[in-house]
Amino acid sequence: MKIITKLIVAVVAGAGFLTGAAYAAGGAPTEKAPIQPDNLKSLQNGAALYVNYCYGCHSLEYQRYERMAKDLKLDTDVVIDNLMVTGEKIGDQMKIAMRKEDAAVWFGTAAPDLTLVARSRGADWIYSYLKGFYKDPSRPYGVNNTVFPSVGMPHVLEGLQGLQVKTDDGKLELASQGSMTVEEYDNAVRDLTNFLHYVGEPAKAERKSVGVFVVLFLMVLFGVAYLLKKEYWKDVHGAGH
């Protein structure tokens, strides 16, 4: 019993260490992401935002255009005309044209693939990160991030959000307005986070629906088995008398 207890403590402690290490590498989220995994319009807008603002540097190598089109109920021609920018085929993985070797030379390191970022860091981290950029003239791109200190990338959504500044008490205030209102930008970030959450596990919705079917099937099967059991034991008890 003591061995089992020690094993449980070790597993919990290890999980806590890994979570802490993950946050230490990129900071902890500051806001809860209001994602809507079943909102197709949100997912479709998130896909468009990703292609327009993120896809130039960040690939989604474990996702395929065809799968995305099917899951998000997008017409294949719409995907080919608007979401495929480097002449790929509809069945190809969502890779970028930029070579990792070139990116390492130009930016110091290759931009990470984001297929599994929602699974490794969580939707809350992505949402907080996209809302956490603020002006910092000491940084190469003129911005820093509350969730990822000393971030090595520009604020690619600055044209939408505008530019925030960090006050003396550590809060962020909007210093210059972008093309979106605060509410519109929050919704755009939600949609983008929602899309990355979907990309991290495309089969999640399907798995959940199959799970519901399996549970219902087992309940029906249990009922049938119970009735058979009663019928069987009724004959056994009757034969005993």
Side-chain angles (χ1 to χ4, degrees), residues 22-23 25-60 62-63 68 71-74 79 82-83 85 94 96 111-136 139 141-167 170-202 204-205:
Y23 283 155
T30 57
E31 296 191 50
K32 180 71 175 177
I35 60 172
Q36 301 170 351
D38 299 324
N39 187 334
L40 278 178
K41 185 176 180 180
S42 170
L43 291 168
Q44 291 168 355
N45 187 48
L49 286 167
Y50 189 89
V51 170
N52 286 323
Y53 292 96
C54 310
Y55 197 33
C57 297
H58 296 281
S59 61
L60 297 173
Y62 304 109
Q63 174 70 303
M68 179 181 67
D71 291 344
L72 304 191
K73 303 295 189 294
L74 293 169
V79 173
N82 298 282
L83 302 181
V85 295
M94 297 181 66
I96 58 175
D113 179 89
L114 296 184
T115 314
L116 302 178
V117 65
R119 298 185 67 176
S120 62
R121 294 189 181 274
D124 294 345
W125 188 94
I126 300 171
Y127 184 75
S128 301
Y129 172 75
L130 293 173
K131 293 183 63 178
F133 281 93
Y134 65 93
K135 184 179 180 180
D136 184 352
R139 298 299 301 155
Y141 293 103
V143 291
N144 211 324
N145 193 279
T146 56
V147 178
F148 200 147
S150 300
V151 63
M153 66 170 282
H155 182 19
V156 295
L157 301 180
E158 183 179 334
L160 303 180
Q161 181 190 31
L163 187 60
Q164 300 181 120
V165 294
K166 197 172 187 180
T167 61
K171 295 181 179 180
L172 299 183
E173 292 182 352
L174 196 61
S176 60
Q177 182 73 48
S179 62
M180 292 182 171
T181 65
V182 173
E183 182 180 2
E184 288 172 340
Y185 183 73
D186 286 351
N187 289 337
V189 171
R190 176 206 62 199
D191 293 346
L192 184 50
T193 304
N194 207 24
F195 173 69
L196 287 171
H197 176 264
Y198 148 74
V199 168
E201 194 174 359
K204 186 174 184 178

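Here, residue 1 is the first one in the sequence, and each next residue gets the next number.
- The ring-ring contact (aromatic ring centres under 6.0 Å, His included) contacts involving residues 172-195 comprise Tyr50-Phe195, where partners must be two or more places apart or lie in separate chains.
- Listed by chain and residue number, Lys131 satisfy the salt bridge (charged side-chain N to carboxylate O under 4.0 Å, His left out) test with Asp186 (two or more places apart in sequence, or in another chain).
- Considering all non-hydrogen atoms of both residues, Val165 and Ala175 come closest at CG1-CB, 3.7 Å.
- Inter-residue side-chain proximity for Asn194 and Gln36 is flagged as met; some heavy-atom pair is nearer than 4.5 Å.
- Residues Leu72 and Ala47 share a closest heavy-atom pair of CD1-CB, 4.2 Å.
- The closest donor-acceptor contact from the side chain of Ser179 to the backbone of Gly159 lies under 3.5 Å.
- Val147 has its side chain out of reach of Pro29: every pair of non-hydrogen atoms, C-beta onward, lies at least 4.5 Å apart.
- For Ser176 (side chain) and Leu163 (main-chain N/O), a donor-acceptor pair under 3.5 Å exists by modelled atom type.
- In this structure, Pro112 and His58 approach most closely via the heavy-atom pair O-ND1, 2.8 Å.
- Legend: residues meeting salt bridge (charged side-chain N to carboxylate O under 4.0 Å, His left out) with Glu184, ordered by chain and number and at least two apart, are absent.
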>> Apply side chain to side chain contact (heavy atoms under 4.5 Å, CB included) to residues Cys54 and Leu192 and explain how you reach the verdict.
In response: CA-CA 10 Å; Cys54 310; Leu192 184 50; 4.1 Å; yes
> Could you go step by step and tell me if Arg190 and Ser42 meet the side chain to side chain contact (heavy atoms under 4.5 Å, CB included) rule?
Replying inline: CA-CA 8 Å; Arg190 176 206 62 199; Ser42 170; 4.1 Å; yes
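- Considering every non-hydrogen atom in both Tyr141 and Gly152, the closest pair reads CE1-O, 3.7 Å.
- Among residues two or more places apart in sequence or in another chain, the salt bridge (charged side-chain N to carboxylate O under 4.0 Å, His left out) test is passed with Asp124 by Lys32.
- When atom types are taken as modelled, the side chain of Glu158 and the backbone of Gln161 share no donor-acceptor pair closer than 3.5 angstrom.
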>> Assess the residue pair Phe133 and Leu172 against the criterion (side chain to side chain contact (heavy atoms under 4.5 Å, CB included)); give the C-alpha distance rounded to whole Å, side-chain angles, the decisive distance to 0.1 Å, and a yes or no.
In response: CA-CA 9 Å; Phe133 281 93; Leu172 299 183; over 6 Å; no
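- Interatomic distance, NE2 of His197 versus CG of Asp191, reported as 14.0 Å (0.5 Å rounding).
- Ile126 places a side-chain heavy atom less than 4.5 Å from the side chain of Val117.
- Of the residues Thr146, Val143, Thr167, the one that meets the side chain to side chain contact (heavy atoms under 4.5 Å, CB included) test with Tyr134 is Thr146.
- Of the inter-residue distances, the one linking Asn187 atom CG with Glu183 atom CD reads 5.5 Å to the nearest 0.5 angstrom.
- Nearest approach of Ala33 to Thr193, heavy atoms of both residues: CB-CG2, 4.2 Å.
- In this structure, the separation between CG on Leu40 and CD on Gln44 is 5.5 Å, given to the nearest 0.5 Å.
- When every heavy atom of Leu43 is checked against every heavy atom of Pro37, the shortest pair comes out as CD1-O, 3.5 Å.
- In this structure, the side chains of Asp136 and Arg139 come closer than 4.5 Å at one or more pairs of heavy atoms.
- Checked against side chain to side chain donor-acceptor pair (under 3.5 Å), Asn52 has no partners two or more places apart in sequence or in another chain.
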> Step by step, would you call Met68 with Leu83 a side chain to side chain contact (heavy atoms under 4.5 Å, CB included)?
Replying inline: CA-CA 10 Å; Met68 179 181 67; Leu83 302 181; 3.7 Å; yes
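- Defined by atom type and a distance below 3.5 Å, a donor-acceptor pair is missing between the side-chain atoms of Asn145 and Tyr129.
- Residues meeting the side-chain contact (heavy atoms from CB on, under 4.5 Å) test with Thr115, sequence neighbours left out: Leu60, Tyr62, Asp113, Val199.
- When only modelled atom types and interatomic distance are considered, Gln164 and His155 share no side-chain donor-acceptor pair under 3.5 Å.
- You'll find the side chain of Gln63 reaches within 4.5 Å of the side chain of Tyr198, heavy atoms only.
- Arg121 CZ to Leu196 CG: the interatomic distance, rounded to the nearest 0.5 Å, is 13.0 Å.
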